[in-house]
Trainee: 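I have a structure here, written as structure tokens, and I will follow up with some questions on it.
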2 protein chains.
Amino acid sequence: MTEYNPKQIEIISITEKLFAEKGFDGTSIREIAKAADINVAMVSYYFGSKEKLLDAIILYRLSSFRLMLENLQAENITAKEKVSKFVAIYIKRIYENRDIYQILHYEIVNQNRTSNFPAFSEIKKNNLKLLEEIIQEGQKEGVFKQNCKSVLIPPIAIGAFFQIYNNKKFYQELIGLQDEISFENYILNEFTNDISNVILGMLIQ
Amino acid sequence: MTEYNPKQIEIISITEKLFAEKGFDGTSIREIAKAADINVAMVSYYFGSKEKLLDAIILYRLSSFRLMLENLQAENITAKEKVSKFVAIYIKRIYENRDIYQILHYEIVNQNRTSNFPAFSEIKKNNLKLLEEIIQEGQKEGVFKQNCKSVLIPPIAIGAFFQIYNNKKFYQELIGLQDEISFENYILNEFTNDISNVILGMLIQ
DNA sequence: AAAAAAATTAAACAAACGTTTAATTTAAAC
DNA sequence: GTTTAAATTAAACGTTTGTTTAATTTTTTT
């Protein structure tokens, strides 16, 4: 795997934000160069092309995605608590990596690019597998229903989060969250708790 | 309000699909012209510019969005049944208008365009108002909790739908839905029912 | 049938795009 | 301190972009 030097990582980070905000097609190399305070030729020099820069962003961010949830299974808590923890860790990770999620989401919808996202599918599958193990545990404990819709859990969590995040102004006004910090607090506490309860309500008999 | 002739409506419909698939920036006027079998100059001739064509698409689709849910409140059924019906109508409408939802979603995230979406916010607010009336009804009936998170209902429904729709291939494989028809059936029946239950689980004491 | 209006066309426009070049500066190696 | 490699630059490349022009065809009106 390719290692990136500090200059490359800086370009990756700045471009990640721009792509998430304005989209791949909506962001020009000249904009990137200006934001990162580099010459336009540097993108090609370091990454080969704009599209390969996108690949680099995805590769760079996704590489740190593995593990994190692995330890959860081993913990000595009830299945119900594990689901709550899963949701909390999941939403936190999405929130913290919202830029790359936004980019990936759009690039998956938008078939213009030929980037391959099998790595992303793999992560999703692993998450689901872990989740199903936890649910089976809860079924054995007799607290979860037998026909649980585990597949719906990630889309509910991710989907609801991005619906609110992408309509931030609308919901900030609605819920009454003035600044960025109170919004972040809402997401990581109240929202996380609510979604956790919604999902548990679906699982518990 | 401007009326559109059949030729304009054809351009609107074809462009709507292209914008939803490839994004505003990812779709060129020449692509639109080719798909709609018209000369490139016709877009400017009929709509003024590419950006005004986007406005026309939004205006044209959103104008048919009002009502639909209005009658629900008057029906002689329980609040619980009303919520189920609300969710079903809501998901159906999103599914049938998924292209314009996709465009709006992206354009709201993407601040490149100066299109104003107060009409869309208005629709969302009206939906929420109706929903809260139904919930209050259910609270009076004594079936719904006192502190209900009604704000979360639309984002859960829309969010979960688009998470699945935008990762269609992934979920088709996962759930086992070979063709387009069985996917549509899944969304309008099983998925709608599951989401309805999830939301009711959140409301019922 | 003649005149007026609307629709359609091919061609051209300048601007912006991603990318490459070749020259220059900076840093590392010896 | 000289040589070699890496980083950075301004300029130019050929395309593609959205839009406009001016000429032509089609349709409508009288």
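Throughout, protein chains are lettered first and strands after them, A, B, ... in sequence-line order, and every chain is numbered starting at 1.
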Trainee: Is any side-chain N of the basic residue among B:Glu16 and B:Arg61 closer than 4.0 Å to the acidic one's carboxylate O?
Mentor: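 Here B:Glu16 pairs with B:Arg61 in a salt bridge, since their nearest N and O are under 4.0 Å apart.
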Trainee: How many whole angstroms separate atom CD of A:Glu10 from atom C1' of D:dT8?
Mentor: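 That distance rounds to 15 Å.
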Trainee: Can you check the A:Asn5 CG to D:dT8 C1' distance for me, whole Å?
Mentor: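 Answer to the nearest Å: 13 Å.
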Trainee: Hey, what do you get for CD (A:Glu137) to CD (A:Glu133), rounding to the nearest 0.5 Å?
Mentor: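 Those atoms lie 8.5 Å apart.
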Trainee: Below 3.5 Å is the cut-off: list the nitrogen or oxygen pairs between protein and nucleotides 25-29 of chain C, distance only.
Mentor:
none

Trainee: Are B:Phe24 and B:Tyr106 an aromatic pair by the rule of ring centers under 6.0 Å?
Mentor: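 When the ring centroids of B:Phe24 and B:Tyr106 are compared, they turn out to be at least 6.0 Å apart.
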Trainee: D:dT8 P sits how many Å from A:Phe47 CZ, rounded?
Mentor: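 It works out to 12 Å between those atoms.
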Trainee: Within this structure, what is the CG-NZ distance for the pair B:Asn76 and B:Lys82, rounded to the nearest 0.5 Å?
Mentor: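 Taking CG in B:Asn76 and NZ in B:Lys82, the distance rounds to 8.0 Å.
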Trainee: Ignoring backbone atoms, test whether A:Tyr46 places a side-chain nitrogen or oxygen under 4.0 Å from the OP1 or OP2 oxygen of D:dT8.
Mentor: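 It does, given that an N or O in the side chain of A:Tyr46 lies less than 4.0 Å from OP1 or OP2 of D:dT8.
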Trainee: Please say whether more than 12 non-hydrogen atoms of neighbouring residues, nucleotides or ligands are located less than 6.0 Å from CD in B:Glu173.
Mentor: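 No - once you tally the heavy atoms of other residues, nucleotides and ligands closer than 6.0 Å, there are 12 at most.
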Trainee: Measuring only between side-chain heavy atoms, which start at C-beta, is B:Ile164 closer than 4.5 Å to B:Lys168?
Mentor: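 Counting from C-beta outward, B:Ile164 and B:Lys168 never come under 4.5 Å.
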Trainee: Given atom NZ of B:Lys52 and atom P of D:dG18, what is their separation to the nearest angstrom?
Mentor: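 The distance from NZ of B:Lys52 to P of D:dG18 comes to 16 Å, rounded to the nearest Å.
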Trainee: Between N or O atoms, less than 3.5 Å apart, protein on one side and nucleotides 9-19 of chain C on the other: list the pairs.
Mentor:
from	atom 1	to	atom 2	distance (Å)
C:dT9	OP2	B:Asn39	N	3.2
C:dA10	N7	B:Asn39	ND2	3.4
C:dG18	OP1	A:Lys50	NZ	2.7
C:dG18	OP2	A:Ile29	N	2.9
C:dG18	N7	A:Arg30	NH1	2.8
C:dG18	O6	A:Arg30	NH2	3.0
C:dT19	OP2	A:Lys50	N	2.8

Trainee: Output all residues satisfying side-chain hydrogen bond (donor to acceptor under 3.5 Å, both in side chains) with B:Asn5, sequence neighbours left out; order by chain, then residue number.
Mentor: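 So B:Asn5 forms a side-chain hydrogen bond (donor to acceptor under 3.5 Å, both in side chains) with B:Gln8.
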Trainee: Looking only at side-chain N and O atoms, does B:Tyr45 come under 4.0 Å of OP1 or OP2 in C:dA7?
Mentor: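 The answer is yes; a side-chain N or O of B:Tyr45 sits under 4.0 Å from OP1 or OP2.
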Trainee: With a 4.0 Å cut-off, would you call B:Lys17 and B:Asp99 a salt bridge?
Mentor: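 Salt bridge: no.
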